[in-house]
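Notes to accompany the following structure.
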Amino acid sequence: MLRFVLQRFAMVLLTLFAVSVLVFVVTEVLPGDVATMILGQYATPESLAVLRAQLDLDQPALVRYLSWLQGMLMGDWGESLYLNVPVRPLVLQRFSNTVLIAGLTLLIGVPLGILLGIIAGLTRDRWPDQLVTVGTLLTLSLPGFVLASFLIMLFSSWLGLLPSSSMIEPDISPLEAARFLVLPTLTLVMALLAHIARQTRSSIIEVMESQYIRTAILKGLPLHTVVWRHALKNAMLPTISVIALNVGFLMSGAIIVENVFAYPGLGRLLLLAASNQDIPLLQASVLIVTLIFGLANLAADLLYYYLNPRIRYG
Amino acid sequence: MLQESSDSIQETTHHTQVPPDAVTSRPSRLARAGQGFVLLYRHPAGLAGLLMVGLYVFLALTGEFVAPYAYTAQNLQATLQPPSAAHWFGTDQFGRDVFSRVIVGSRDIMVLAGSATALGLLLGVTVGLVAGYYRGWIDNWLMRTMDVLLAFPTLLLALLLLSTLGPSLINVILGIGIVTMPPIARVVRSVVLAVRELEFVDAARLRGETNWYIMVREILPNARGPIVVEAALNVSYAILIGSALSFLGMGVQPPAPDWGLQVSEGRNFILTAPWVMVFPSLAIASLVIGVNLLADGMSAAFDPASTSDRQLRSPDPATGLLPGTPPAHASLASPENPVLQIKDLQVAYRQYGRWVNVVHGVSLTIRPGETFGLVGESGCGKSTTALAIMNYLGRNGRISGGHVLVQGQDVGTLSADELRRLRGRRIGMVYQNPLAALNPSLRIDVQIMELVRLHEQADEAVARQRALAMLERVHMPDPEAIMRRYPHQLSGGMQQRVVIAMALITNPALLIMDEPTTGLDATTAAAVLDLINELKQTFDTAILYISHDLNVIARVCDHVGVMYAGQLVESGAIDTVFRRPRHPYTLDLLECVPQLDRHYRHGRLRTIEGRVPLPTQLPPGCVYHPRCRFSHDRCRQEEPDLVASIELPSHAVRCFFAEQIAARRSHERLQTDQDVLHRVDGRPQERHMPMLAIDTLAKYYGTQPTAFFGRQQRMVRAVNDVSLTVHEGETVALVGESGCGKTTLGRCVVGLLTPSEGRIVFQGSDVTLPASERPDHVRRAVQMVFQQPDTTLNPHHAIGYILDRTLQRFGLKNGAERQARVSELLTSVRLDASYAWRYPSQLSGGEKQRVAIARAFASAPDLIVCDEAVSALDVSVQAAILNLLVDLQRERNCAYLFVSHDLGVVRYIADRIGVMYLGRLVEIGTAAQVFAAPSHPYTAALLSAVIAADTSEQPPIRLTGSLPSPANPPAGCPFHTRCLYKLGPICEEVIPPWQDAGDGHTIACHLPLDELKSK
């Protein structure tokens, strides 16, 4: 067990290391450099050279990478080129906002998605299944920004129930703040729900056709025991991977949703950094997202390991 | 034999339903593509998707001509106009026509999605193919790189790439191509990993194909289905990401009529002019829905398991003719209350909305303590009958007539609750594949105890007691420990004991056993059969025992019913049916099984021409008449009833000529005549130089780490210190149970595996090389026939191509000559020359195996390794293939190294036999020598396992304990842990010497020959 955990954890670290190299290469080595970005296209060569020396840009790439990596590890994440503020507090504050809606989304979407998937799988080709199948297909076919826009049209413009943006003011009450969270979370939940329900449905169907389920039925067990004891644990295995994948989606799908709702989260920050080529901000945000994604995958692996005796006692 | 082939040409297949005359013309690629459309057509949602996507493709191609306005035409006088006759979708903030912009925008999105998907596909397929094919470090590095790319959420990675590259259409395509590559690479790799192990790939290696050819021509076509499905999904993904990037301002830039951009711009007028945003939104959504529906439809079309095609493959075909009349013996039931009474049972399955009868008019009765065997070839309706007893026929099956009475209760009329109380409590069931029948994620104790808790409302402690006691009764060693295990931690024999314990723990009145020993090794199966016989004595259970194996039926059953094409054709007491069969099918079945007293020099095996008819193609009259050697005109016109025999009322037969057949001769099959074993000797050992000499060969697995952090695998000694010779024109068989190394040895000989130690000398030269490095003349001379008919031929290649390619590889350049040779080869394996145009899916298992044999003989080899070449076939087909192999050997003087687990088959075909156990040879001799004393204790146990206890004078030899792991084989004699005659420490420490028993018969054992003789 310990060996497995350590192995997977080492794998996550190794991947993160590779990710850091990739991020560094993409942002700093490819054409376009920070000095030009700061001073603009019409800067004189002399002033560029001075700035490059200041920023250590004249050093070899490897040296720069190592000092950058050291800075990331030591908590010195640099200063935003665009916003002119230290990166770390900004990223961490926005990150906590993203965690708030991502967490809410998982809390609501995962159990609901699994439940819908089970219902659909057990009522295969009958109306509840068809409802879920068609509904999730529609949801998955709508891009996040379209879904979000439609929700705004419905709840803000027409019904006037909920605010269309999420500019959380520092002095509003928690209840008022909660109203701002409804639409972004609802958008994310719908997409997450669809993914999870579809995966759960297809694995329930597959498991229910397996020979061991035939055994369970021919033992005379009632349906709820067959499903709860015999089918669910096996059917959940592929769903776990889908949930982990969706943690990544919540981090990046949030880019769209946060922008539509002007929600002050990491996704919005990412777009800001990307569109203004704010390299330090971009590097830090990307690393945070991949770290969370990596940890989610690790958690999924461990859960998979725990639930699957064929691996546990392989 | 020729008759047989022309008969089978008449057969059509499950998948294609080609009319009989169509086989002479070549089925075009178009026709095969057409099948895909037919499958799509059966999936209406997929068809709707195709139409929607088709519409957008049309608009993309003709956009500028269809659009009423130029997409750039501004009209600042008419901004933000609502939809009207002039502007169907209204106008935007610059007064541009939204309808025109949506139509023209479809071209941009198509170009974007199409190019990005193509790029991702190209990259992903290449990476997956190379990684899966070459494995090792290339695989490691490529897949780790994919892992790194997958460590980014896709949109984030695309954003990262675009922020550096700068937003433009080309860069968006590049970005999406890169982010969609890893999933495709993974899918392709996993398909390649599976396909590269298939037998047709081995066959390509054996004819010396290049890696490039194997990857592109043999493997890639088999990944087509998953690739197409993945590509379709990627198109919708590319549309979603592409428009999201535009929306975020990181993709295509204005004033392009991009849908994502239009939505983004339209959001500013969401209150005043929603149409600016709504219509492009709907365009994106409908295109993605269309693509997704199409992808769904295609995955259904490419995955036969998920379509309505499934019913076609359902295990039991037969058709709906008129129900048979109730058999005579039903009325002769004895007064004792039967446990099971089946009266004129009809079972139907739904195929394409039509109900087709697959079991018709089966009637049988089983009383307490009786064991009734149901026997027949695959597809005869045996298992369907068993499931009908439980009234468990799935969504597509139903009891369409007759009655099943269990203790007088008609299962067809029971409610769901009543049915539950019947299942598990009054009827127990044992399945063919115990590992699949047990839940992989539940401990054994849970799975056994739940029955007691449910049906007897017992508490936990009582249930545990009962489970332990039951495990003891099925002779499970250390039940306490077993209870805590998971199914995969038990050996096959132990798994089956668990299933039997589960079936019996509620003390059911009826036990149904469906091929319970078929998946097990001979010695394990023997022990399970002993157990069943023992339990029959102690439990007063009625047993319905289903098997295709006549010997097994003979060993456990009192009564037997022979099934053919959904009908019971003969039934009665086991002795009378097997000793004096009255139905031609029973007679044929009995005669086509190779017995332990038969050698090919005794004569050919009986074969049954043709095959079991399909459900929809049952012949008129007697169902067996097309294959029957006694058929008359009457059989073709009239359907016989199951009629009780005059002299023996309990014996019923469905044949007009039963009495004549019974009178023909008395039939004594199930005796093993030891004299015959002595009388018939194999070919005398030739003393000149052997053609093939295997010298102290060893093959170890798992000496290399598998991946980063992959744990060092323990070394498995699959073959250890084996020396063996094969002479010209001789058949040497390797026999042993699974895991004994016989297949590994065979694969070393042909060069599919490279030995770790030792040498292989062929015709005087050292050929200890992989097939790809062997000289052409050696590769030509050593060929192979594989086990699985379904994977031995590449499903994407026509039979003619497969043979032609082989001939070409071995130097036949002239095309016309090759064509003539292909026909000649097909004729030599008794197939019609028109088979060259067929594809493997249109052939039966036996026909595929014939083609595989033709392929092996194409290069005029001197030695063919036959790896379990007849194991996957029904007995009648098996007999025909064995006859064919014998004939071809006589004609062409080719030697066989024949690997098999089946002693009867080995006895029939082999001149000499090598017995293997745990990677080592333990005995070598002529067939007659090995099958008689003196023999190695393991050989004796193996023989004893397949001989019915009551026909042998000696008490049966049963092995205890399970097979040691080849990763950790016992020191000394590998068999000492299970040997009944172990001498002492010498067996545990010293590898036994080869003792010469005379005439080339040698035995590796410490026991003196005299003692071995007296065992």
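Chain letters run A, B, ... following the sequence lines, proteins first and then strands; every chain starts at 1. All values below were derived from every heavy atom in this structure, side-chain atoms included, with hydrogens, water molecules and symmetry-related copies excluded. These figures come from a predicted structure and were not determined experimentally.
Under the 3.5 Å distance criterion, the side-chain polar atoms of B:Asn439 are matched with a main-chain donor or acceptor of A:His230. The backbone N or O of B:Ser441 sits less than 3.5 Å from a side-chain atom of A:Lys233, completing a donor-acceptor pair. Looking only at distances, a side-chain donor or acceptor of A:Lys219 sits under 3.5 Å from a matching main-chain atom of B:Gln447.
Looking at B:Leu248, the atoms closer than 4.5 Å to chain A (heavy atoms on both sides) sit in the backbone and in the side chain alike. The contact between B:Ile289 and chain A is made by backbone and side chain atoms together, counting heavy-atom distances below 4.5 Å. With a 4.5 Å cut-off on non-hydrogen atoms, B:Val148 touches chain A through its backbone and its side chain both. Using a 4.5 Å cut-off between heavy atoms, A:Leu142 contacts chain B through both its backbone and its side chain. There is no contact between A:Asn297 and chain B, counting heavy-atom distances below 4.5 Å. The contact between B:Ser243 and chain A is made by backbone and side chain atoms together, counting heavy-atom distances below 4.5 Å.
Sorted by first and then second residue, the side-chain hydrogen bond (donor to acceptor under 3.5 Å, both in side chains) pairs with a member in residues 424-433 of chain B read B:Gln407-B:Arg426, B:Gln409-B:Arg426; sequence neighbours excluded.
Between B:Ile284 and A:Phe145, some side-chain heavy-atom pair lies under the 4.5 Å cut-off. Taking 4.5 Å as the limit, every side-chain heavy atom of A:Val146 sits out of range of all side-chain heavy atoms of B:Met277.
Ranking B:Leu150, B:Leu160, B:Leu149 against chain A, the residue ahead of the rest is B:Leu160, based on heavy-atom pairs under 4.5 Å.
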